[in-house]
Amino acid sequence: MFLIKNLRRISPTTSSALIGFRNTGSPPLSSRFCTTLHQPQQVQTPAPNGLDRSRYEGLAPTREGEKPRVVVLGSGWAGCRLMKGIDTSIYDVVCVSPRNHMVFTPLLASTCVGTLEFRSVAEPISRIQPAISREPGSFFFLANCSRLDADSHEVHCETLTDGLNTLKPWKFKIAYDKLVVACGAEASTFGIQGVLENAIFLREVHHAQEIRRKLLLNLMLSDTPGISKEEKQRLLHCVVVGGGPTGVEFSGELSDFIMKDVRQRYAHVKDDVHVTLIESGVRFVRGIVKDVKPQKLILDDGTEVPYGLLVWSTGVGPSPFVSSLDLPKAPGGRIGIDQWMRVPSVQDVFAIGDCSGYLETTGKPTLPALAQVAEREGKYLANLLNEIGKANGGRANSAKEIALGVPFVYKHLGSMATIGRYKALVDLRESKDAKGISMTGFVSWFIWRSAYLTRVISWRNRFYVAINWFTTFVFGRDISRI
């Protein structure tokens, strides 16, 4: 009774405070979301691109008194670096992506064998750009973009439901003042039959989880009584296709896992476990994969390679969404851009990261699909958009006369990859023919770990990574199949 009386006593004060807050003059949140069922009584201010806010399904166009809206498609290296650097006092930021986190891909291979835990390489977008969860005009939508209407300055999206039968995806639109396409690329299969059905890629956290579960399952099944020698060898044969940094690092991590943990905890099968890297690496097999079957792959010379685990890491190509866009294309099918990351002939649309490439008319070569390229493109474009916003060019169709300044210039900082057994490759040269530092061995491994630890986005994840490395060194890798 005492609490009820006190609640009654303070309720008038609380109510008046809320009313005062709502009448501060800022646009209400409901005005940003409109549907065809919403018929406001008062006349709405026309949007800069001429769209009617009163009949809009989704996030309506911005109006006078609201900040211009930057819509970012994707949450990879490029998109997240842009969101981190964008000035949220100038712009509202809206991110559309099928995942609500960024993956620190250089350490993703370490999670497959238990050296690191999965959360150590996943950084929530709300931590990268806090305005997305705090500002009334900034949002994150768990969705895929299905279509771009550049003339109307809007993108069409469809929510992600992870295949749940109880939820049906629904469609909505988002109006933008500036659009940044940073949706990345997809693993390239080169049209080889059976790859999508039988191989596992290594680009997302769920890929690493699938690899870990499959690897541990094969180890346990191979110890089953009555299993044939041939079947045991097949289950314990891990094949990695692709000799790039991801393939080499995963093979190195897998080799360490076999030498240090499998030999101690799966002593009955330790002599049958082996890794094959098709192209170069742990066990050298040079060849071109011609076909992939459920339990074996076939090379171009007819050689059959049985496998229990197949990891595909042969490079990337444009996604179906990027291919479907009616935009200029660069060599390889990427979205064509100029030196300022703009998509020519389309107003207020930019593209960065693996989904973009220089048009042939620029005379510049297409940059490699590397994390450092995407990150620096995102940083450059964030600074460019900030300057455009300060010059009152943040609104749709308002930056035509604004000088953009110095174009983007990429300078390669080098590359690093661990190869297992406390060894790594470090090449700090701009190119193979340039002078600079190139080394291998323990010192390189120490440099590799130190560099990646400092590059992890947040202090929270740096702490996670350091603790995981320490516990793995002391106690070994976790082999629980969860």
Side-chain angles (χ1 to χ4, degrees), residues 26-27 32 47-49 59 61-97 102 123 125-140 150 153 155 174-183 335 337-344 346-353 355-356 358 367 371-411 455 457-458:
S26 60
R32 303 175 189 272
N49 52 17
L59 199 55
T62 57
R63 59 184 178 183
E64 293 300 327
E66 296 177 348
K67 291 184 286 187
R69 180 183 301 136
V70 175
V71 175
V72 183
L73 305 181
S75 57
W77 281 89
C80 286
R81 185 59 185 86
L82 178 135
M83 287 187 284
K84 181 180 179 181
I86 203 76
D87 189 344
T88 54
S89 67
I90 301 175
Y91 295 102
D92 282 331
V93 181
V94 175
C95 178
V96 179
S97 176
M102 172 191 165
E123 191 68 44
I125 294 174
S126 59
R127 288 182 179 269
I128 297 173
Q129 180 46 266
I132 284 180
S133 57
R134 296 176 184 172
E135 295 293 326
S138 297
F139 304 94
F140 169 79
H153 273 61
V155 290
I174 304 174
Y176 64 83
D177 292 294
K178 298 289 184 286
L179 174 67
V180 180
V181 184
C183 52
I335 300 172
I337 57 173
D338 62 13
Q339 297 96 317
W340 292 274
M341 308 290 119
R342 300 177 301 181
V343 180
V346 183
Q347 284 293 322
D348 300 319
V349 177
F350 303 82
I352 53 177
C355 69
S356 65
Y358 288 124
L367 297 175
Q372 61 174 294
V373 175
E375 182 184 29
R376 289 160 70 187
E377 286 181 345
K379 181 180 180 180
Y380 169 84
L381 185 55
N383 293 332
L384 178 62
L385 290 176
N386 290 340
E387 293 301 319
I388 291 174
K390 293 174 183 176
N392 296 320
R395 296 283 174 191
N397 301 312
S398 63
K400 297 178 181 179
E401 306 300 327
I402 296 177
L404 298 182
V406 180
F408 176 76
V409 177
Y410 172 69
K411 182 179 179 181
R455 297 299 296 164
I457 303 296
S458 67

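Excluded from the calculations below are hydrogen atoms, water molecules and symmetry mates; all remaining heavy atoms, backbone and side chain alike, are included.
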TODO: Go through the structure and list residues passing side-chain hydrogen bond (donor to acceptor under 3.5 Å, both in side chains) with S75, not counting sequence neighbours.
DONE: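 So S75 forms a side-chain hydrogen bond (donor to acceptor under 3.5 Å, both in side chains) with S97, R99.
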TODO: Apply side-chain hydrogen bond (donor to acceptor under 3.5 Å, both in side chains) to R342 and list each qualifying residue two or more places apart in sequence or on a separate chain.
DONE: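 Once residues adjacent in sequence are excluded, the partners of R342 under the side-chain hydrogen bond (donor to acceptor under 3.5 Å, both in side chains) criterion are D338.
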Task: Intermediate values then yes/no, side-chain hydrogen bond (donor to acceptor under 3.5 Å, both in side chains), D177 and H153 - done: CA-CA 7 Å; D177 292 294; H153 273 61; over 6 Å; no
When rounded to the nearest 0.5 angstrom, what is the spacing between [atom1] in [X] and [atom2] in [Y]?
X	Y	atom1	atom2	value
C95	I125	SG	CD1	4.0 Å
I86	R81	CD1	CZ	10.5 Å
I335	S356	CD1	OG	7.0 Å
M341	I337	CE	CD1	4.0 Å

Identify every side-chain donor-acceptor pair in residues 398-410 under 3.5 Å, counting partners at least two apart or on other chains, and give the distances.
| residue | atom | partner | partner atom | Å |
| --- | --- | --- | --- | --- |
| S398 | OG | G393 | O | 3.2 |
| S398 | OG | R395 | N | 3.2 |
| S398 | OG | R395 | O | 2.6 |
| Y410 | OH | Q372 | OE1 | 3.2 |
| Y410 | OH | H412 | ND1 | 2.8 |

What residues, two or more places apart in sequence or in another chain, satisfy side-chain contact (heavy atoms from CB on, under 4.5 Å) together with [X]?
X	result
I90	D87, K390
S133	S126
A78	A182, I352, A374

Task: Under 3.5 Å: donor-acceptor pair, side chain of S138, backbone of I132 - done: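 Not a single qualifying donor-acceptor pair exists.
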Open item on the list: Keeping D348 on the side-chain end and N397 on the backbone end, is there a donor-acceptor pair under 3.5 Å?
Closed with: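 It does hold such a pair.
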Task: Inter- and intrachain pairs under salt bridge (charged side-chain N to carboxylate O under 4.0 Å, His left out), touching residues 129-139, at least two apart - done: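 Sorted result for residues 129-139: K67-E135.
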- [ ] State, to 0.1 Å, how close R69 and A175 come at their nearest heavy-atom pair, and which atoms those are.
- [x]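 Minimum heavy-atom contact is NH1-O, 2.6 Å.
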Task: Pairwise side-chain hydrogen bond (donor to acceptor under 3.5 Å, both in side chains) hits with a residue in residues 373-389, at least two apart - done: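 Only E375-R455 qualify under side-chain hydrogen bond (donor to acceptor under 3.5 Å, both in side chains).
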